[in-house]
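Keep in mind it's a predicted model, so treat the numbers as computed, not measured. Labels below follow one simple rule: chain letters A, B, ... track the order of the sequence lines, proteins then strands, and each chain is numbered from 1.
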There are 2 protein chains.
Amino acid sequence: MVLAKTELFDNELQSCAELCKALAHPARLAILKFLSDAKMCITGDITEELPLSRTTVNQHLKELKDVGLIVGVTEGVKTNYCLNPKRVEELKNAIRVYLDMLDTTGCNCCK
Amino acid sequence: MVLAKTELFDNELQSCAELCKALAHPARLAILKFLSDAKMCITGDITEELPLSRTTVNQHLKELKDVGLIVGVTEGVKTNYCLNPKRVEELKNAIRVYLDMLDTTGCNCCK
DNA sequence: TTTTTATGACGTATATTTGCGTCATAAAAA
DNA sequence: TTTTTATGACGCAAATATACGTCATAAAAA
């Protein structure tokens, strides 16, 4: 890729794609699910849950933090992570809006 | 990455992540949307619609074909593409099921 | 039959993602 | 105060993704 052409697309498509990308790895899906259940926990709890090294999990956490889906609050040595409810709602909404646009009645050849 | 660790996760998370990955680029979102509107069209129609070279669009089409979201039927020189309604429904469902699992009431610190 | 058209296949370059080890640091515990 | 613990930052290697040009091919058109 000589230039990232991503920004040549419609803003809505761009942000929807960005959110989908955050969901495009099972580790990140597992992290979000885990945080949804746990409400709040420290990095170590998540690390133990996943079949990946602490370093790698940390990187996935960083990606989720970067798109705003989770929040990390440092408290002493530990960092408490939790979902960012507002942003998760935005995620749900953006994806739903997009998926709802897709018509599945099918074309003539697919009926 | 020495080894792809993707397969170490729950099957549902894996397939959901795979589908999200297909949606993780605005070009692919645009293609799916375009096909949903057009019902059926040839490669060239899609190429004209996107700010990318024919080669690149073709590659995105291939990716969408690989996950089964679209179908391409060759007819003479041309190839007709359309959505695969069943697979798109699967996509919608898998993602909805996952998103519905995410609780957005928030933890104590986020209320 | 020759030429044009529409595509897919292939190769290439760069960028990004994935995964991990190691080091630094700051708070807690001993 | 020293040591342990929990993390984040940094750097590295391999795998993928992104983007495109060029070539080959087969059907249509001239």
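Set against C:dC20, C:dT7, D:dT7, the side chain of B:Thr43 has C:dT7 as its closest nucleotide. For B:Lys65, the side-chain atoms get nearest to C:dG8 when compared with the rest of C:dG19, D:dT18, C:dG8. You'll find that the side chain of B:Arg28 is closest to D:dT18, out of C:dA6, D:dT18, D:dT5.
Looking at A:Arg54, its side chain comes within 3.5 Å of the base of D:dG8 through a donor and an acceptor atom.
Across every strand in view, C:dA26 sits in a pair with D:dT5 that passes the Watson-Crick or G-U test at under 3.5 angstrom. A 3.5 Å limit on both hydrogen-bonding distances identifies D:dT18 as the Watson-Crick or G-U partner of C:dA13.
Of the side-chain N and O atoms in B:His25, one or more sit less than 4.0 angstrom from OP1 or OP2 of D:dA19. Listed pair A:Tyr81 / D:dG8 meets the phosphate criterion, a side-chain N or O lying under 4.0 Å from OP1 or OP2. When the side-chain nitrogen and oxygen atoms of B:Lys62 are compared with OP1 and OP2 of C:dT7, none of them lie within a distance under 4.0 Å. A close approach under 4.0 Å does occur between a side-chain nitrogen or oxygen of A:Thr56 and OP1 or OP2 of C:dC20.
Residue contacts shown for A:Gln59 include a base, since a base heavy atom lies under 4.0 Å away. Residue contacts shown for A:Thr79 are limited to sugar-phosphate atoms, with no base heavy atom under 4.0 Å away.
Between A:Asn80 and A:Lys21, the residue whose closest nucleotide on DNA chain D is further toward the 5' end is A:Asn80. If you find the closest nucleotide of DNA chain D to B:Thr55 and to A:Lys78, the one lying nearer the 5' end belongs to A:Lys78.
Distance OG1/B:Thr43 to CG/B:Asn80: 8.5 Å, rounded to 0.5 Å. One distance of note links CG of B:Leu32 with CE of A:Met101; it measures 9.5 Å at 0.5 Å rounding.
Side-chain N or O atoms of B:Lys92 include one that pairs as donor or acceptor with a backbone N or O of A:Leu99 at under 3.5 Å. With hydrogens and angles disregarded, a donor-acceptor distance shorter than 3.5 Å links the side chain of B:Arg28 to the backbone of B:Lys21.
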